[in-house]
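Data first, discussion second: the structure below is written as structure tokens.
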Amino acid sequence: MSSVERGSMTWQEELASLVGDSGVQYSSVSGVAEDRAEGNEADLSGRLGGEGYRTYEECVVPEESLKDQLKGFFMASVEMMQDFGRGCKDVMQQSLEGMEDSYMVKWFRRPLAIVSRRLRFLNDYLPEDRDPVHSWLVIICVLLVMLPALYVDCGHKEPVQLPKILHMHPPSASVIHLPDGRAMAYHEQGVSAERARFTMISAHSFLSSRLAGIPGIKESLLDEFGVRFVTYDLPGFGESDPHSSRNLNSSAHDMLHLANALGVRDKFWVLGYSGGGMHAWAVVRYIPDRLAGVAMFAPLMNPYDSSMTNEEKNKLWEKLTTKKKFMFFLAKRLPSLLPYFYRQSFLSGMQVQLEKWLSSTLGKKDKALTEGNIFKEYWERNVAESIRQKDPKPFVEEAVLQVSNWGFRLADLQVRKKHGGQNLLQWLKSIYTKADGEWTGFLGPIHIWQGMDDRVIPPPMTEFTSRMIPGATVHRLLGEGHFSYYCFCDDCHKQILSTLFGTPQGPLSLISEEDELLRLSSSREIPDESIIPKNSHEISAEVAAVSFPSLILANVDK
């Protein structure tokens, strides 16, 4: 077809040439104009489309509503699930074909048949038109869903206890000032300084204070043994001022300054419980000449100590819970994250459950003790005093000290001969000489008590300590935990003091000033002013018996 011919074609004819001869006759535009001129209201689009064609407006489908769309989606999903179920059923049927001859079916067929025969009476409770296989399957599924729901519902019947806010008591501690100007808060129990036969000083453990001491120990028992018991707040705890750069060396000298300030002139005993054990070991290391003896109760040791063998490390870390391992790791590697965890727990001002803080479940005896009202009251009061300053820094310092290099090894505390010199020749000479050399280390008694059911400080820690200090006496307590032997146990406390101090002899008796003047006049001795007591309480009965026998005899004659 030429361009001239194409240009003379109407658009209807051109459309017909493209789609082919479909048998549809298109009317001309002129015909339409004639019909309109004649007044016939014929549809233009109908004429253009021919017979049987509709307008565009008639072909538009009305928009579907959201409800219809959701309904269609739901119906389609149900149909897909039905098809999927039928497919799974077909797969199972094809897979189970021939299973009758398998080993497993032959093995379980007889027991299942016996069980099915014995439980067949249950089918009498089903409707007659129900298949027992299908019915019991539905019943079992319903029971599996119902029983957990009932269990969860029963679990909420007990009233939920809201966290208690710790009550902060007014300051009540006695205070001394250390040489660097820091204030140290302390607490005294037992007999007075003048009548004390023995003096014992204790540093508290983590999340504790000077109020801990030996929880529940009676004043009458301390008086019976003549014990003066002194506890104090570590730097930053309770009412003690913080220390800018404390370590175990400074901790030992803090205790020494406390003893001097309180007038302790003789040697004293040191007590370490749990985390306070490392402060007691520091005293043994740095001021052994001021110590009369050491008492340890489940002492904490550095879990990263390089002196441990692989077997000891594995045995120890197996006993630690995951959370406790995580806290040790943070203290060792990422101590800057510890304040966040402390503020979320005990530094929040809310009462923290003991087991939750210790990150371990307690043994039978410990659980029975800690659930009592007496222990709960002590625990709340002690924790509240510990966090009085609301500063996480002292707690971070304490946690870091536990897992860091202490500045000494436990093996350094055992008794050994001191080398005669510094060079190699003198050292070899001191080894092969038969003369007795000078002994170094702590020469006094060391007692360690360890509960074998302790899940807070596991027994492997004490086993390692006893290997490092073979001269220590270890008391292994079968069935006892971390708290059961040490806290609120009168018989246990008496056993402890008897082990340390022997038979109770009571406090020292005092000689009055009149008796002293009578002795001086009867003996007609001119005493040296340096030995005249400024306070009559400074002379004990034992000293009087040795130094002033004439006075004793005079009193006997009377």
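Here the structure is a predicted model, which is why all the values come from computation and not from measurement.
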Within the side chain of Trp406, is there an N or O that forms a donor-acceptor pair under 3.5 Å with the backbone of Leu401? yes
Answer with yes or no after comparing the ring centroid distance for Phe198 and Phe225 against a 6.0 Å cut-off, counting only values under it. no
I'd like to check the side chain to side chain contact (heavy atoms under 4.5 Å, CB included) partners of Asp453; sequence neighbours left out, ordered by chain and number. Arg455
Is any side-chain heavy atom of Val294 less than 4.5 Å from a side-chain heavy atom of Pro445? no
Note: Arg182-Asp180 ion pair, threshold 4.0 Å (strictly below): yes
His187, His204, Glu239, Glu188 screened by side-chain hydrogen bond (donor to acceptor under 3.5 Å, both in side chains) with Arg210, the one that passes: Glu239
Short side-chain donor-acceptor distance under 3.5 Å, His279 and Glu398: yes
Look at the side chain of Glu312 and the backbone N and O of Thr309, then say whether any donor-acceptor pair between them is shorter than 3.5 Å. yes
Gln389 side-chain N/O to Ser240 backbone N/O, donor-acceptor pair under 3.5 Å: yes
Could you check if a side-chain atom of Phe395 sits within less than 4.5 angstrom of a side-chain atom of Ile387, using non-hydrogen atoms only? yes
Just jot down the ring-ring contact (aromatic ring centres under 6.0 Å, His included) partners of His493, sequence neighbours excluded, or say none. none
Phe297 and Tyr485: CA distance, side-chain angles, deciding distance, ring pair (Phe, Tyr, Trp, His ring centres under 6.0 Å) verdict: CA-CA 9 Å; Phe297 297 87; Tyr485 189 82; 7.2 Å; no
Carboxylate-amine/guanidinium proximity below 4.0 Å for Glu318 and Lys313: no
Result block: side-chain N/O donor-acceptor pairs under 3.5 angstrom for residues 280-293, not counting sequence neighbours:
| from | atom 1 | to | atom 2 | distance (Å) |
| --- | --- | --- | --- | --- |
| Arg290 | NH1 | Asn260 | OD1 | 3.0 |
| Arg290 | NH2 | Val264 | O | 2.9 |
| Arg290 | NH2 | Asp266 | O | 3.4 |

Describe, in one word, how the ring planes of His257 and His253 are oriented to each other, choosing from parallel (under 30°), tilted (30 to 60°) and perpendicular (over 60°). tilted
Using only atom types and a distance under 3.5 Å, with no angle test, would you say the side chain of Asp366 pairs donor to acceptor with the backbone of Ser484? yes
